[in-house]
Engineer: 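Please find one structure pasted underneath; my questions will follow.
In this chain, residues are counted from 1 in sequence order.
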Amino acid sequence: MIHSGTTVLLWFNAAGCGLLAGLFFTFSAFAMKALGRMEPSGGIAAMNSINETILRSLFMPLFWGTTLASLGLAAIALSGWNEPAAKSMLIGGLVYIFGMFVCTIAIEVPLNNELARVDPGSDAALPVWQRYQRRWTGWNHVRTLACLVACVLFIQALVERG
C-alpha cells in the first residue's frame, strides 16, 4: 500500500510541478513584460486583480497539495533512504519546498501585499511598481526553475522505482 501511495504522490507532484512551472514561466517569459508596458496605474491594477483572482482559483489547491505532497515525499525518502528513488524524491521535495513554497510565502506574497497597498494613481506608485516588477520577476524565475527541477526529479523517481 505504501508503495502505491508513493507512486500516486509522485505522479501528482510531477504533474502539479509541471503545471506550476508553466504558470510561473508564463509570468517570467512575457506576462510581466506585457504588464510593464502598460501605464503604471493599469499594470498595478491588473497585477492586483490577478493576485486576488488566483487566491480563489484551482491554483490554491494545487499550490498546497504539491507542497504537502513534497513534504510527504521527502519524509518517505528519509525513512526509506536505501529504497530506489529516495535521493530523487528528497532532492525534488526540498527544491520544491524551498524554491517554490518558501520563496512564495517569504518573498512574493509580501511583495504582492505591498503592491496592493499602493494607490495606483499616486506619485508613490511608479517606484513601487518598478521595484515590484524587478524583484517579483527575479524571484519568479527562481520559482519557475524550482518547479521544473522538482518535476524532472519526481519523473526520475518514477523511472527509478520502475
Engineer: Using a 3.5 Å distance criterion without hydrogens, assess whether the side chain of Glu108 forms a donor-acceptor pair with backbone atoms of Asn140.
Structural biologist: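 Yes.
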
Engineer: Apart from Val149 itself, which Ile, Leu, Val, Met, Phe, Trp or Tyr residues share its cluster (side-chain heavy atoms under 4.5 Å, direct or through members)?
Structural biologist: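 Traced through the cluster, Val149 reaches Ile91, Val95, Leu145, Leu153.
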
Engineer: Does atom CZ of Phe59 have more than 12 heavy-atom neighbours, drawn from other residues, nucleotides or ligands, at distances under 6.0 Å?
Structural biologist: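 Yes, because the 6.0 Å sphere around CZ of Phe59 holds more than 12 heavy atoms from other groups.
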
Engineer: Under 3.5 Å, side chain of Ser79 to main-chain N/O of Ile76, donor-acceptor pair present?
Structural biologist: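 Yes, because the side chain of Ser79 sits within donor-acceptor range (under 3.5 Å) of the backbone of Ile76.
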
Engineer: Measure across Ala124 and Val128 and return the closest heavy-atom pair with its distance rounded to 0.1 Å.
Structural biologist: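 Here Ala124 and Val128 meet closest at O-CG2, 3.3 Å.
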
Engineer: Apply salt bridge (Lys or Arg N to Asp or Glu O under 4.0 Å) to Arg131 and Glu114, showing your working.
Structural biologist: CA-CA 11 Å; Arg131 184 174 60 252; Glu114 178 185 6; 2.6 Å; yes

Engineer: For Cys151 versus Ala14, what's the shortest heavy-atom pair and its separation?
Structural biologist: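 Smallest interatomic distance, heavy atoms only, reads SG-O, 3.3 Å.
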
Engineer: What distance separates Ile44 CD1 from Gln133 CD, expressed to the nearest 0.5 Å?
Structural biologist: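 Spacing of CD1 (Ile44) from CD (Gln133) equals 8.5 Å.
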
Engineer: Is any side-chain heavy atom of Met47 closer than 4.5 Å to a side-chain heavy atom of Met32?
Structural biologist: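 Sidechains of Met32 and Met47: in contact.
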
Engineer: Heavy atoms only: give me the nearest Ser41-Pro120 pair and the separation to one decimal.
Structural biologist: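 Closest heavy-atom pair between Ser41 and Pro120: CB-O, 3.4 Å.
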
Engineer: When rounded to the nearest 0.5 angstrom, what is the spacing between OG in Ser88 and CG in Leu158?
Structural biologist: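 Those atoms lie 10.0 Å apart.
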
Engineer: For the hydrophobic clusters of this structure (ILVMFWY residues joined by side-chain heavy atoms under 4.5 Å, transitively), does one cluster hold both Ile107 and Trp129?
Structural biologist: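 Result: yes, single cluster for both.
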
Engineer: Shared ILVMFWY cluster between Met89 and Leu71, side chains joined below 4.5 angstrom?
Structural biologist: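 Unlinked, Met89 and Leu71 end up in two clusters.
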
Engineer: Around atom CG of Asp123, are there more than 12 heavy atoms from other residues, nucleotides or ligands closer than 6.0 Å?
Structural biologist: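 No.
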
Engineer: Is there a side-chain contact between Asn112 and Trp136, using heavy atoms and a 4.5 Å cut-off?
Structural biologist: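 Sidechains of Trp136 and Asn112: in contact.
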
Engineer: What pair of heavy atoms forms the shortest contact from Thr66 to Gly16, and how long is it?
Structural biologist: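 Smallest heavy-atom distance, with atoms named: CG2-CA, 3.8 Å.
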
Engineer: Look up atom CD1 in Ile97 and atom SG in Cys103, then write down how far apart they are to the nearest 0.5 Å.
Structural biologist: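 Taking CD1 in Ile97 and SG in Cys103, the distance rounds to 14.0 Å.
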
Engineer: Evaluate Phe27 against Thr137 for side-chain contact (heavy atoms from CB on, under 4.5 Å), listing each step before the verdict.
Structural biologist: CA-CA 8 Å; Phe27 278 88; Thr137 304; over 6 Å; no

Engineer: Please say yes or no: joined through hydrophobic side-chain contacts below 4.5 Å, possibly via intermediate residues, are Leu78 and Leu9 part of one cluster?
Structural biologist: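 Leu78 does not cluster with Leu9.
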
Engineer: Should the heavy atoms of other residues, nucleotides or ligands under 6.0 Å from CZ of Phe12 be counted, would the total exceed 12?
Structural biologist: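 Enclosed: over 12 neighbouring heavy atoms sit under 6.0 Å from CZ of Phe12.
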
Engineer: Counting heavy atoms not belonging to Leu58, are there more than 12 under 6.0 Å from its CG?
Structural biologist: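 Incorrect, the count does not exceed 12.
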
Engineer: Would you say that Leu19 contacts Leu23 through its side chain, given a criterion of any heavy-atom pair below 4.5 Å between the two side chains?
Structural biologist: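 They are not in side-chain contact.
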
Engineer: Report the C-alpha distance between Phe25 and Leu148 in whole Å, list the side-chain angles of each, state the deciding distance to 0.1 Å, and finish with yes or no for side-chain contact (heavy atoms from CB on, under 4.5 Å).
Structural biologist: CA-CA 10 Å; Phe25 176 77; Leu148 181 60; over 6 Å; no

Engineer: Looking at side-chain heavy atoms only, is the closest gap between Arg161 and Leu10 below 4.5 Å?
Structural biologist: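 The answer is yes, as the side chains (C-beta and beyond) meet within the 4.5 Å cut-off.
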
Engineer: Would you say the side-chain atoms of Thr104 pair up with the backbone N or O of Met100, donor to acceptor, closer than 3.5 Å?
Structural biologist: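 Yes: the side chain of Thr104 pairs with the backbone of Met100.
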
Engineer: Taking all non-hydrogen atoms of both residues into account, name the closest pair between Glu160 and Ala85 and its distance.
Structural biologist: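 For Glu160 versus Ala85, the nearest heavy atoms are OE1-CA, 2.9 Å.
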
Engineer: Find out if a path of hydrophobic residues (ILVMFWY) with successive side-chain heavy-atom gaps under 4.5 Å connects Leu55 to Phe24.
Structural biologist: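 Cluster IDs for Leu55 and Phe24 match.
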
Engineer: For a side-chain contact (heavy atoms from CB on, under 4.5 Å) check, start with the C-alpha distance between Leu73 and Phe154, then their side-chain angles and the critical distance, and finish with the verdict.
Structural biologist: CA-CA 9 Å; Leu73 289 167; Phe154 293 138; 3.8 Å; yes

Engineer: Check the pair Leu90 / Trp81 against side-chain contact (heavy atoms from CB on, under 4.5 Å), numbers first and verdict last.
Structural biologist: CA-CA 9 Å; Leu90 178 63; Trp81 188 246; 3.5 Å; yes

Engineer: State, to 0.1 Å, how close Ala77 and Ala86 come at their nearest heavy-atom pair, and which atoms those are.
Structural biologist: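 Minimum heavy-atom contact is CB-O, 3.2 Å.
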
Engineer: Within the distance-only criterion (no hydrogens, no angle test), does the side chain of Ser57 pair as donor or acceptor with the backbone N or O of Ile54 below 3.5 angstrom?
Structural biologist: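 Yes: the side chain of Ser57 pairs with the backbone of Ile54.
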
Engineer: What distance separates Leu20 CG from Phe101 CZ, expressed to the nearest 0.5 Å?
Structural biologist: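 Leu20 CG to Phe101 CZ: 12.5 Å, rounded to 0.5 Å.
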
Engineer: Donor-acceptor pair, Arg56 side chain versus Glu52 backbone, under 3.5 Å?
Structural biologist: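 Such a contact is found between Arg56 side chain and Glu52 backbone.
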
Engineer: Using the rule that Ile, Leu, Val, Met, Phe, Trp and Tyr join whenever any side-chain heavy atoms are under 4.5 Å apart, tell me whether Trp139 and Phe63 fall into a single cluster.
Structural biologist: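 Shared cluster, yes.
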
Engineer: Rounded to the nearest 0.5 Å, what separation is found between the CG atom of Asn48 and the OG1 atom of Thr53?
Structural biologist: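 Spacing of CG (Asn48) from OG1 (Thr53) equals 10.5 Å.
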
